[in-house]
Amino acid sequence: MSHSEIRVRFAPSPTGYPHLGNIRTALFNWLFARHHGGKFILRIEDTDVTRKVEGAVENIIDSLNWLGLDWDEGPYFQSQRLPLYQEIVRKLVNQGPAYLCYCSPHRLEEMRREQIRRKQPPKYDRRCRELTVQQRAQLEASGVTPVVRFKTPLEGETSFHDLIRAKVTFQNDTLDDFILLKSDSYPTYHLANVVDDHLMVISHVLRADEWLSSTPRHILLYQALDWQPPQFAHLPMILGPDRAKLSKRHGATNIIEYQRQGILPEAMINFLSLLGWSLDDKTELLSREELVKHFTLERVGKTAAIFDKDKLEWMNGVYLRRLTPEQFASQAIPFLQRDLPSSVKRPLDDTYISIIMPLIQERARTLADVPHLVDFFFLDELEYDQSLLIKAMDAVSATKAIETSLERLKPLEAWNAVSVENILRPLATELGLTTSKFFGLLRVAITGRTASPPLFQTMATLDKQRCLKRLNKALQKIKEQK
RNA sequence: GCCCUCAUCGUCUAGGGGACUAGGACGUCAGCCUUUCAAGCUGAAGACAGGGAUUCGAAUUCCCUUGAGGGCACCA
């Protein structure tokens, strides 16, 4: 394995489902690896037994698969590597950089509370750092299971060069003796993360900004272990509309939710790539291949970004319109199956769908919009407020307009958009109505709403019989009102 | 409270001393197109957080203030 090989990892913990921010981190790692011809590794950091969420690992994998972020190694599971961490901790204790701590969680919590009350930084008071042999023997005899803490240097400073933030320095005395091994003998994040990054020969750690302040701990660990630390690049965070760290309360927190909402993976990738990265001053639409080709850390920004759903949906609309009619239809079908009213018979008619879809392809921002845009093509009974019929004119002229239309359409043999238009367009003039009013009236009668695909194509797609039926129904509705 | 980071239109961003009357995109508004809604086209409004300093010249460099975010767990 050459020294210069690029190896990055995505290391989520299965304590929840991945959200936009997590996935953006995964994406940047993936793009970085693919751009440099390196390796992208998936590692599950499942060291917190108490917070493990059922199905989280599957969800992480589904999310990556949905977006086409394929990995070259893994998934590795830290829970299956416990002896590795324990051995290294043993070494650290024996050689001096770590020590056993017998303080009870209760005491630690009391201490912390007191420190906060006195407006002091909450830090471990290092009581167990320099225990005498007798003290240790005594505590050991009392049956307390100790944790292992890192002996953070009391003085000096720790700094590192971040690929995005440049030089970052921390005073060691602001750090405390953090825990390496918990009393259940699982490693903490800090330890497991450092050990695995080293063992897996990770060259670059691209992770969210929230990890910046724990990096000096990691550097100190690398030094104590006499290992070469990887390069760090802390990515700007993605915030919710309230400018706070993304969390459950921001809705659609699980990335897979966007699939359900009808977002295409290509659009999601493109959109996410632009959160914290840009190619230049104008390019917005980039394919996966173009992203791989152009992605570099130099063009990653430093400022946190707020996720804007409007822009995501706009971009999704662009990708939707770029699909061929066949692709669009096949993408839309699962959404029609799922969301069309249950009164519509299944299975749906593929041929009928393939005729309808082109009529709404440019009108949908998400695939989840589709069922609502086309449901009147499938329903037998339209439900709409009769006031829509006489919105633009009185009941008498509306009745007359529809009656005349029926009269002229009845004898029509060849029923298609052109033939229907040839009859109806002249009729508007004859009735003394603007096309806007006349066609608007017919639109409501035919579709039950004021906005729809072009009227004549819609009428042609619905067959003659159904159109005439709906026109009669409209007449009835107008009468009922009077 | 302490530590770290960040700071350009409402939002995503371009900008790395003169090319800036600060560019693009989403959104908003207006107009065109048009049978409606979309789409498309055209146009408009809209930002360098504030104050010092350096410089012939600062959105761009430095300092301070302010603001925002993150971290300070036997969570990651």
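By convention in this document, chain letters (A, B, ...) are assigned in the order of the sequence lines, proteins followed by strands, and residues within each chain are numbered from 1. Worth knowing before you read on, the calculation uses all heavy atoms, side chains too, and leaves out hydrogens, waters and symmetry mates.
A/D196 and A/Y85 share a donor-acceptor pair across their side chains, judged by distance under 3.5 Å alone. Looking at A/H234 and A/T215, their side chains do bring a donor and an acceptor atom within 3.5 Å of each other.
Which of B/rU36, B/rG70, B/rC74 sits closest to the side chain of A/R363 comes down to B/rU36. Which of B/rU5, B/rA68, B/rG27 sits closest to the side chain of A/R243 comes down to B/rA68. Comparing B/rA25, B/rC26, B/rU36 by their nearest atom to the side chain of A/D308 picks out B/rC26. Nearest to the side chain of A/F439, among B/rG15, B/rA76, B/rU35, sits B/rU35. Among the nucleotides B/rC6, B/rA25, B/rA76, the one closest to any side-chain atom of A/K302 is B/rC6.
With rounding to whole Å, A/F77 atom CZ is found 16 Å from B/rA76 atom P.
A/K119 comes within 4.0 angstrom of the backbone, heavy atoms only, and of no base. Within the nucleic acid shown, A/S183 comes within 4.0 Å of at least one base atom, counting heavy atoms only.
Taking only side-chain nitrogens and oxygens, A/R365 never comes nearer than 4.0 Å to OP1 or OP2 of B/rC26. Between A/R207 and the phosphate of B/rA76, there is no side-chain N or O to OP1/OP2 separation shorter than 4.0 Å. Between A/R118 and B/rG1 there is no side-chain polar atom (N or O) within less than 4.0 angstrom of OP1 or OP2. A close approach under 4.0 Å does occur between a side-chain nitrogen or oxygen of A/T47 and OP1 or OP2 of B/rA76. A sub-4.0 Å separation between OP1 or OP2 of B/rC74 and a side-chain N or O of A/R112 is present. A sub-4.0 Å separation between OP1 or OP2 of B/rA76 and a side-chain N or O of A/K182 is present.
Not counting sequence neighbours, A/R443 has no partner by the salt bridge (charged side-chain N to carboxylate O under 4.0 Å, His left out) test.
A donor N or O paired with an acceptor N or O is not found under 3.5 Å between the base of B/rU5 and the side-chain atoms of A/R165.
Distance check on atom C1': B/rC75 versus B/rG27 gives 38 Å, rounded to whole Å. Using P as the reference atom, B/rG50 and B/rG43 are 30 Å apart when rounded to the nearest Å.
The only option from A/R112, A/H106, A/R113 that meets the side chain to side chain donor-acceptor pair (under 3.5 Å) definition with A/E109 turns out to be A/R113.
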Quiz item: Does the side chain to side chain contact (heavy atoms under 4.5 Å, CB included) test come out yes or no for A/Y124 and A/R149, once each step is laid out?
Solution: CA-CA 10 Å; A/Y124 176 55; A/R149 288 184 183 271; 3.4 Å; yes
